[in-house]
Amino acid sequence: MILTSKQLILSVGELLADFIGQTFSESLFDAAEFTRFQGGSPANMAANMARLGNQAALVACVGNDSIGRFLVQKVAETGIDVSHISVHASQPTSLVVVSRTKSTPDFVAYRTADCMILPEHLPDQLLDQVALFHTTCFALSRSPAQETIIDAARRASIAGAQISIDANYAPSIWPDRDNAWQVLTNYCASGALVKLSEDDAERLYGSPQTPEQVRQDFHKMGAKLVCLTLGAEGSIVSTNQGENVVRIPGKPLSVVDATGAGDAYWAGFLTAWLDGCTPAECAGAGANLAALKLMRRGSLPPTVDRKLLYEA
């Protein structure tokens, strides 16, 4: 499944500070104390890829402030190439306040510098090195980052990269649902690998949908692969315009913290994809890495043995 001999994994989008509740709560209304973590789905995905031994780089924008410097230091510690992270002179670093939960967390985003990704941050010289180009709905939801990332993904695809997206849509982040569908269609047209959860799909459609409908719609948009995660129930992966579908059952786990589990899942999945695995094997690899994340608070360990992905 590897489309190119290039090795660089390029993750593009938000690098921000997560302030996560210290105790379990149904919503932020009940959360009183928080701990600061490095956050942002593209940054987490790149960090997880680096922990697995992949060559990963991050394109993002932070503010010229102490939180921004903290975030760059944290992602650098994971082995990510941080030389493509820009520092905005006037916009402060973006923040997200998140409830600690065993399911989909309640959150409020305070967005500033993360949106300021510009064309000069994604030159052709960088994209020519890329094997996998990844982003998120969060990153695509605001300009100028939206237009910058769509164009860069198109150029990366032409240069031979595989395009990937976590379609983690949230109406509080992207209120214009019609615009979200159009932007996602433009992105998927390059043959994207798409991951979304049942919750993501319900928010994107505005109502619950069958897995068949979700897979069918994303394949029509141009997606090469659609992975629908089902929480404790496992995942469904569809390829070949929906002709080939596999379902991977979930495993019982003692959940400590669900924050970041989706990023861990997709990092495991994509690592297995780049290793040439089948969709079912990729889903199993994603589930194994997500399980490791679910059973611990905060980020994954500094290094993760790649063999973990392929354990039964």
What side-chain donor-acceptor pairs closer than 3.5 Å can you find for residues 235-248, not counting sequence neighbours?
residue: Ser235; atom: OG; partner: Tyr265; partner atom: OH; Å: 3.1
residue: Ser238; atom: OG; partner: His219; partner atom: NE2; Å: 2.7

Show me the side-chain donor-acceptor pairs of residues 121-129 shorter than 3.5 Å, one per line, residues at least two apart or across chains.
residue: His121; atom: ND1; partner: Leu118; partner atom: N; Å: 2.9
residue: Asp124; atom: OD1; partner: Arg155; partner atom: NH1; Å: 2.5
residue: Gln129; atom: NE2; partner: Gln125; partner atom: O; Å: 3.1

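Applying the salt bridge (charged side-chain N to carboxylate O under 4.0 Å, His left out) test to pairs two or more places apart or on separate chains, those with a residue in residues 160-183 are Asp166-Lys195. For the salt bridge (charged side-chain N to carboxylate O under 4.0 Å, His left out) condition, the pairs that include at least one residue of residues 112-123, sequence neighbours left out, are Arg111-Asp114.
Separation of atoms CG (Asp263) and CG (Leu300) is listed at 9.5 Å; rounding is to 0.5 Å. To the nearest 0.5 Å, atoms CD (Gln73) and CD (Gln38) are separated by 11.5 Å. Atoms CG and NE2, from Leu10 and His84 in turn, are 7.0 Å apart once rounded to the nearest 0.5 Å. Distance check: Ser11 OG to Met49 CE gives 8.5 Å after rounding to the nearest 0.5 Å. Atoms OG and CD1, from Ser86 and Ile117 in turn, are 7.0 Å apart once rounded to the nearest 0.5 Å.
Heavy atoms of other residues, nucleotides or ligands lying less than 6.0 angstrom from CD of Gln213 number more than 12.
Listed for the Lys74 side chain is no donor-acceptor partner under 3.5 Å among the backbone atoms of Glu77. Between the side chain of Thr271 and the backbone N or O of Gly268 there is no donor-acceptor pair closer than 3.5 Å. Side-chain N or O atoms of Arg154 include none that pairs as donor or acceptor with a backbone N or O of Ser157 at under 3.5 Å. Here the side chain of Glu14 pairs no donor or acceptor atom with the backbone of Gly39 at under 3.5 angstrom. Under a 3.5 Å cut-off, the side chain of Thr148 and the backbone N or O of Pro144 do form a donor-acceptor pair. Put simply, the side chain of Asp305 gets close to the backbone of Lys307: a donor and an acceptor are under 3.5 Å apart. Of the possible donor and acceptor atoms, none in the side chain of Asn186 sits under 3.5 Å from a partner among the backbone N and O of Val183. The main-chain N or O of Glu311 is found under 3.5 Å from a side-chain atom of Asn288 such that the two form a donor-acceptor pair. One N or O on the side chain of Thr93 and one on the backbone of Gly68 form a donor-acceptor pair closer than 3.5 Å.
The shortest distance between side-chain heavy atoms of Trp266 and Thr229 does not fall below 4.5 Å. A heavy-atom distance below 4.5 Å is not found between the side chains of Tyr169 and Leu196.
Across Pro42 and Gly13, no two heavy atoms sit closer than the pair CG-CA, 3.7 Å. In terms of heavy atoms, Cys277 sits closest to Tyr310 at SG-CE2, 3.6 Å. Across all their heavy atoms, Pro171 and Arg203 have their closest contact at CD-CD, 3.7 Å. Nearest heavy-atom pair, Cys227 versus Phe269, reported as atom, atom and distance to 0.1 Å: SG-CE1, 4.1 Å. A pairwise comparison of heavy atoms in Val12 and Thr135 identifies O-OG1, 2.7 Å as the closest pair.
Annotation: cation-pi pair Arg100/Phe24 present, NZ/CZ under 6.0 Å from the ring centroid and within 45° of its normal.
No side-chain N or O of Gln146 forms a donor-acceptor pair with one of Ser143 less than 3.5 Å apart. No hydrogens or angles considered: a donor-acceptor pair under 3.5 Å links the side chains of Asp81 and Ser83. No hydrogens or angles considered: nothing links the side chains of Ser41 and Asn44 as a donor-acceptor pair under 3.5 Å.
In this structure, Leu204 is a member of the same hydrophobic cluster as Trp174, with clusters built from ILVMFWY side-chain heavy atoms closer than 4.5 Å. No chain of hydrophobic side-chain contacts below 4.5 Å, direct or via other Ile, Leu, Val, Met, Phe, Trp or Tyr residues, connects Ile80 to Val59.
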Walk me through whether Asn54 and Arg306 qualify under side-chain contact (heavy atoms from CB on, under 4.5 Å).
CA-CA 10 Å; Asn54 297 292; Arg306 209 175 181 111; 3.2 Å; yes
Test Trp181 against Tyr205 for ring-ring contact (aromatic ring centres under 6.0 Å, His included), laying out the working first.
CA-CA 9 Å; Trp181 275 111; Tyr205 283 86; 4.9 Å; yes
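Listed by chain and residue number, nothing satisfies the ring pair (Phe, Tyr, Trp, His ring centres under 6.0 Å) test with Phe70 (two or more places apart in sequence, or in another chain).
In this structure, Phe37 shares a hydrophobic cluster with Leu16, Ile20, Val96, Val98, Phe107, Phe138, Ile173, the cluster being traced through Ile, Leu, Val, Met, Phe, Trp and Tyr side chains under 4.5 angstrom apart.
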